[in-house]
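First comes the structure, then the notes that go with it.
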Amino acid sequence: GEYQYLGVHRSSNGGASATQITSGLLDAGTGLSNFIAPLRLDPNDPSRLYAGGRSLWRTNSARTATSWTAIKADAGSLIASIAITPGVPDRVFVGHNDGRLYRSTNATAMAPSWTAIDDNNAVNPLPNRVLTRLIVDPSNTSIVYACLGGFAADNLWRSTDAGITWQAVQGVAPFALPVAPVFGLAVHPDDGNVLYAAT
(Lines give C-alpha, C1' and ligand atoms only; values in the text may rest on other atoms or scores of the structure.)
Protein backbone atom coordinates (compact mmCIF):
# COMPACT_ATOMS: atom_id res chain seq x y z
CA GLY A 1 0.00 0.00 0.00
CA GLU A 2 0.90 3.64 -0.16
CA TYR A 3 0.00 6.97 1.34
CA GLN A 4 0.93 10.33 -0.20
CA TYR A 5 4.32 11.05 -1.81
CA LEU A 6 5.47 7.40 -2.12
CA GLY A 7 4.93 6.49 1.51
CA VAL A 8 5.08 2.76 0.67
CA HIS A 9 4.16 0.26 3.37
CA ARG A 10 3.59 -3.49 3.69
CA SER A 11 1.16 -5.50 5.76
CA SER A 12 1.65 -9.19 6.44
CA ASN A 13 -1.50 -9.62 8.55
CA GLY A 14 -4.30 -8.66 6.18
CA GLY A 15 -4.06 -4.94 6.91
CA ALA A 16 -4.38 -5.02 10.70
CA SER A 17 -1.00 -3.24 10.84
CA ALA A 18 1.67 -2.15 8.36
CA THR A 19 5.35 -1.31 8.24
CA GLN A 20 6.89 1.42 6.12
CA ILE A 21 9.22 0.02 3.43
CA THR A 22 10.91 3.13 2.03
CA SER A 23 14.51 2.37 2.98
CA GLY A 24 16.60 3.47 0.00
CA LEU A 25 13.54 4.89 -1.81
CA LEU A 26 15.03 8.37 -2.06
CA ASP A 27 12.05 9.93 -3.85
CA ALA A 28 9.69 9.23 -0.93
CA GLY A 29 8.74 12.66 0.36
CA THR A 30 7.17 15.97 -0.56
CA GLY A 31 8.22 17.35 -3.94
CA LEU A 32 10.07 14.22 -5.02
CA SER A 33 7.00 12.44 -6.35
CA ASN A 34 3.38 13.16 -7.21
CA PHE A 35 0.97 13.41 -4.27
CA ILE A 36 -0.60 10.19 -5.58
CA ALA A 37 2.46 8.46 -7.00
CA PRO A 38 2.30 5.26 -9.06
CA LEU A 39 3.03 1.99 -7.27
CA ARG A 40 2.68 -1.24 -9.27
CA LEU A 41 3.19 -4.87 -8.29
CA ASP A 42 4.57 -6.94 -11.17
CA PRO A 43 1.83 -9.39 -12.27
CA ASN A 44 4.62 -11.79 -13.26
CA ASP A 45 6.42 -11.81 -9.89
CA PRO A 46 4.75 -10.88 -6.56
CA SER A 47 8.12 -9.96 -5.07
CA ARG A 48 8.84 -7.28 -7.70
CA LEU A 49 7.40 -3.83 -7.04
CA TYR A 50 7.84 -0.59 -9.00
CA ALA A 51 7.44 2.95 -7.64
CA GLY A 52 7.52 6.21 -9.58
CA GLY A 53 8.90 9.50 -8.31
CA ARG A 54 11.53 11.58 -10.05
CA SER A 55 13.14 8.25 -10.96
CA LEU A 56 11.64 4.81 -11.45
CA TRP A 57 12.43 2.57 -8.48
CA ARG A 58 12.31 -1.23 -8.25
CA THR A 59 12.53 -3.74 -5.46
CA ASN A 60 12.81 -7.47 -6.05
CA SER A 61 12.08 -8.26 -2.40
CA ALA A 62 8.72 -6.60 -1.75
CA ARG A 63 7.59 -9.37 0.61
CA THR A 64 10.70 -9.44 2.80
CA ALA A 65 13.56 -7.07 3.68
CA THR A 66 12.79 -4.49 1.01
CA SER A 67 15.59 -2.52 -0.65
CA TRP A 68 15.04 -0.15 -3.57
CA THR A 69 17.14 0.61 -6.65
CA ALA A 70 16.65 3.44 -9.14
CA ILE A 71 16.39 1.87 -12.61
CA LYS A 72 15.37 4.92 -14.66
CA ALA A 73 16.98 8.30 -14.14
CA ASP A 74 15.20 11.57 -13.45
CA ALA A 75 13.90 12.87 -16.80
CA GLY A 76 12.90 16.30 -15.51
CA SER A 77 9.21 15.44 -15.01
CA LEU A 78 7.67 13.32 -12.28
CA ILE A 79 6.49 9.81 -13.14
CA ALA A 80 2.70 9.59 -13.26
CA SER A 81 2.03 6.02 -14.44
CA ILE A 82 3.63 2.59 -14.77
CA ALA A 83 2.48 -0.52 -16.64
CA ILE A 84 4.10 -3.97 -16.56
CA THR A 85 3.21 -6.37 -19.35
CA PRO A 86 1.53 -9.60 -18.15
CA GLY A 87 3.60 -12.56 -19.32
CA VAL A 88 6.43 -10.28 -20.52
CA PRO A 89 8.08 -8.95 -17.34
CA ASP A 90 10.84 -7.17 -19.24
CA ARG A 91 8.39 -4.89 -21.11
CA VAL A 92 7.54 -1.96 -18.85
CA PHE A 93 6.02 1.42 -19.77
CA VAL A 94 6.53 4.64 -17.80
CA GLY A 95 4.53 7.85 -18.34
CA HIS A 96 5.36 11.32 -17.01
CA ASN A 97 3.44 14.41 -15.94
CA ASP A 98 4.49 16.26 -19.10
CA GLY A 99 3.22 13.50 -21.43
CA ARG A 100 6.52 11.80 -22.18
CA LEU A 101 6.34 8.02 -22.45
CA TYR A 102 9.18 5.49 -22.22
CA ARG A 103 9.43 1.73 -22.72
CA SER A 104 11.98 -0.81 -21.60
CA THR A 105 12.33 -4.27 -23.09
CA ASN A 106 14.80 -5.41 -20.41
CA ALA A 107 13.22 -3.92 -17.29
CA THR A 108 14.29 -6.78 -15.00
CA ALA A 109 17.99 -6.24 -15.83
CA MET A 110 20.32 -4.62 -13.30
CA ALA A 111 20.46 -1.45 -15.44
CA PRO A 112 17.54 -1.45 -17.89
CA SER A 113 17.62 0.62 -21.06
CA TRP A 114 14.73 2.97 -21.92
CA THR A 115 13.43 4.13 -25.29
CA ALA A 116 11.35 7.26 -25.70
CA ILE A 117 8.04 6.37 -27.33
CA ASP A 118 7.02 10.03 -26.90
CA ASP A 119 9.68 12.63 -26.07
CA ASN A 120 7.47 15.71 -26.69
CA ASN A 121 9.89 16.65 -29.45
CA ALA A 122 10.92 14.64 -32.53
CA VAL A 123 8.86 11.66 -31.37
CA ASN A 124 5.50 12.99 -30.20
CA PRO A 125 2.50 10.75 -31.05
CA LEU A 126 0.49 11.65 -27.92
CA PRO A 127 -0.82 14.97 -26.58
CA ASN A 128 1.55 16.68 -24.13
CA ARG A 129 -0.61 16.11 -21.08
CA VAL A 130 -0.15 14.04 -17.93
CA LEU A 131 -0.30 10.28 -18.57
CA THR A 132 -2.68 9.38 -15.78
CA ARG A 133 -2.79 5.62 -16.40
CA LEU A 134 -1.14 3.04 -18.68
CA ILE A 135 -2.80 -0.34 -19.21
CA VAL A 136 -1.63 -3.41 -21.13
CA ASP A 137 -4.43 -5.65 -22.41
CA PRO A 138 -3.91 -8.97 -20.58
CA SER A 139 -5.49 -10.94 -23.44
CA ASN A 140 -3.28 -9.34 -26.13
CA THR A 141 -0.08 -7.84 -24.75
CA SER A 142 0.65 -5.95 -27.96
CA ILE A 143 -2.28 -3.67 -27.10
CA VAL A 144 -1.46 -0.79 -24.77
CA TYR A 145 -3.76 2.02 -23.62
CA ALA A 146 -2.69 5.49 -22.50
CA CYS A 147 -5.05 7.68 -20.47
CA LEU A 148 -4.46 11.42 -20.29
CA GLY A 149 -5.52 14.29 -18.08
CA GLY A 150 -6.90 17.68 -19.04
CA PHE A 151 -10.28 18.95 -20.15
CA ALA A 152 -9.59 18.30 -23.82
CA ALA A 153 -10.57 15.81 -26.49
CA ASP A 154 -8.62 12.61 -27.17
CA ASN A 155 -7.75 11.55 -23.63
CA LEU A 156 -7.69 7.83 -24.45
CA TRP A 157 -5.21 6.33 -26.93
CA ARG A 158 -4.46 2.77 -28.07
CA SER A 159 -1.38 1.12 -29.52
CA THR A 160 -1.69 -2.29 -31.18
CA ASP A 161 2.06 -2.76 -31.66
CA ALA A 162 3.36 -2.51 -28.07
CA GLY A 163 3.69 1.26 -28.11
CA ILE A 164 5.19 2.03 -31.52
CA THR A 165 2.16 3.72 -33.10
CA TRP A 166 -0.94 5.23 -31.46
CA GLN A 167 -4.54 6.06 -32.35
CA ALA A 168 -7.10 8.04 -30.34
CA VAL A 169 -10.08 5.94 -29.22
CA GLN A 170 -12.42 8.68 -28.05
CA GLY A 171 -15.50 7.16 -29.68
CA VAL A 172 -18.10 8.76 -31.93
CA ALA A 173 -20.76 11.24 -30.80
CA PRO A 174 -23.17 10.90 -29.16
CA PHE A 175 -21.36 7.94 -27.59
CA ALA A 176 -17.90 9.51 -27.36
CA LEU A 177 -16.02 9.95 -24.11
CA PRO A 178 -16.58 13.37 -22.53
CA VAL A 179 -14.03 16.14 -22.91
CA ALA A 180 -12.60 15.35 -19.49
CA PRO A 181 -9.60 13.61 -17.92
CA VAL A 182 -9.50 9.82 -18.06
CA PHE A 183 -8.04 8.69 -14.74
CA GLY A 184 -8.43 4.94 -15.06
CA LEU A 185 -9.20 2.18 -17.52
CA ALA A 186 -10.13 -1.48 -17.22
CA VAL A 187 -10.15 -4.06 -20.00
CA HIS A 188 -12.91 -6.65 -19.61
CA PRO A 189 -11.21 -9.93 -18.61
CA ASP A 190 -13.32 -12.02 -21.01
CA ASP A 191 -13.59 -9.61 -23.94
CA GLY A 192 -10.74 -7.26 -24.85
CA ASN A 193 -13.12 -5.20 -27.00
CA VAL A 194 -14.97 -4.01 -23.89
CA LEU A 195 -13.37 -1.14 -21.99
CA TYR A 196 -14.40 0.75 -18.88
CA ALA A 197 -13.06 4.31 -18.60
CA ALA A 198 -13.10 6.33 -15.38
CA THR A 199 -13.33 10.07 -15.97
Side-chain angles (χ1 to χ4, degrees), residues 2 4-6 25-40 50-58 69-85 88 90-109 111-137 141-171 176-185 187 195 197-199:
E2 175 192 17
Q4 65 270 18
Y5 300 116
L6 277 182
L25 182 54
L26 303 182
D27 288 352
T30 306
L32 303 175
S33 66
N34 284 317
F35 183 79
I36 301 173
L39 179 69
R40 296 287 177 268
Y50 292 89
R54 287 185 177 175
S55 301
L56 179 66
W57 297 83
R58 182 186 67 205
T69 303
I71 60 167
K72 181 181 179 296
D74 182 352
S77 175
L78 297 178
I79 293 172
S81 52
I82 304 165
I84 304 108
T85 306
V88 189
D90 277 318
R91 192 190 310 146
V92 172
F93 298 86
V94 175
H96 290 260
N97 283 358
D98 64 2
R100 282 182 287 171
L101 177 60
Y102 295 86
R103 180 186 64 189
S104 177
T105 56
N106 66 339
T108 62
S113 56
W114 296 90
T115 302
I117 292 174
D118 186 319
D119 64 5
N120 288 355
N121 194 3
V123 182
N124 195 17
L126 300 170
N128 298 344
R129 298 193 293 272
V130 60
L131 284 157
T132 58
R133 186 62 58 102
L134 297 166
I135 299 289
V136 180
D137 185 336
T141 58
S142 293
I143 298 177
V144 184
Y145 293 94
C147 304
L148 291 104
F151 289 90
D154 297 335
N155 276 332
L156 180 60
W157 291 71
R158 176 178 56 225
S159 171
T160 58
D161 52 15
I164 305 301
T165 59
W166 294 85
Q167 307 81 34
V169 287
Q170 203 68 12
L177 287 172
V179 179
V182 178
F183 290 111
L185 186 79
V187 180
L195 306 176
T199 63

_Assess the residue pair Tyr145 and Val136 against the criterion (side chain to side chain contact (heavy atoms under 4.5 Å, CB included)); give the C-alpha distance rounded to whole Å, side-chain angles, the decisive distance to 0.1 Å, and a yes or no._
CA-CA 6 Å; Tyr145 293 94; Val136 180; over 6 Å; no
*List the atom of Trp166, the atom of Pro125, and the distance in Å for their closest heavy-atom pair.*
CD1-CG, 3.9 Å
_Stepwise side chain to side chain contact (heavy atoms under 4.5 Å, CB included) test for Ser104 and Arg91_ = CA-CA 5 Å; Ser104 177; Arg91 192 190 310 146; over 6 Å; no
*Supply the atom-to-atom distance Tyr102 OH to Leu56 CG, rounded to the nearest 0.5 angstrom.*
12.5 Å
*For Ala168 and Trp157, work out which heavy atoms get closest and say how close.*
N-CE3, 3.3 Å
_Heavy-atom count check: over 12 atoms from other residues, nucleotides or ligands less than 6.0 Å from Ile36 CD1?_
no
*Over all heavy atoms of both residues, which pair between Ala162 and Val144 is shortest? Give the atoms and the distance, please.*
CA-CG2, 4.1 Å
*Heavy atoms, side chains only, cut-off 4.5 Å: are Thr69 and Arg58 in contact?*
no
_Could you tell me if the side chain of Leu195 sits less than 4.5 Å from the side chain of Val187, heavy atoms only?_
yes
*Does Asn124 reach the main-chain N or O of Pro127 with its side chain, forming a donor-acceptor pair under 3.5 Å?*
no
*Mark yes or no for whether Ser159, through its side chain, and Thr165, through its backbone, hold a donor-acceptor pair below 3.5 Å.*
yes
_Backbone of Thr141 reached by a side-chain donor or acceptor of Asp137 within 3.5 Å_ = no
*How far apart are the closest heavy atoms of Ser55 and Asp74, and which atoms are they?*
OG-N, 3.5 Å
*Side chain of Ser33, backbone of Ala28: donor and acceptor closer than 3.5 Å?*
no
*Examine the side chains of Asn106 and Ser113 and answer whether a donor and an acceptor come within less than 3.5 Å of each other.*
yes
*With a 4.5 Å heavy-atom cut-off, do Trp57 and Leu26 have their side chains touching?*
yes
*Can Ser142 and Asp161 be counted as having a side-chain donor-acceptor contact under 3.5 angstrom?*
no
*Take Val92 and Thr85 through the test side chain to side chain contact (heavy atoms under 4.5 Å, CB included) and record every step on the way to the result.*
CA-CA 6 Å; Val92 172; Thr85 306; over 6 Å; no
_Nearest-0.5 Å distance that lies between atom NE2 in His96 and atom CG in Asp118_ = 10.5 Å
*Spell out, as yes or no, whether a donor-acceptor pair under 3.5 Å connects the side chain of Arg54 to the backbone of Ala75.*
no
*Atom pair CG/CG of Leu156 and Asp154 - distance to nearest 0.5 Å*: 9.5 Å
_Return the CG to CZ distance between Asn155 and Arg133, rounded to the nearest 0.5 Å._
14.5 Å
*To the nearest 0.5 angstrom, please state how far the CG atom of Leu6 sits from the CG atom of Asp27.*
7.0 Å
*Is there a donor in the side chain of Asn34 and an acceptor in the side chain of Asn97, or the other way round, less than 3.5 Å apart?*
yes
*Least distance between heavy atoms, Pro181 atom then Phe151 atom*: CD-CE2, 3.5 Å
_Sub-4.5 Å side-chain heavy-atom contact between Phe93 and Ile84_ = no
*Beyond-backbone contact of Ile164 with Arg103, side-chain heavy atoms, under 4.5 angstrom*: yes
*Do Leu32 and Tyr5 come close enough that some side-chain heavy atom pair is under 4.5 Å?*
no
*Search all heavy atoms of Thr199 against all heavy atoms of Phe183 and return the closest pair with its distance.*
C-CD1, 4.1 Å
*Would you say Arg158 and Ile143 make side-chain contact, with heavy atoms under 4.5 Å?*
yes
*asked:* Rounded to the nearest 0.5 Å, what separates atom OG in Ser81 from atom CG in Leu101?
replied: 7.5 Å
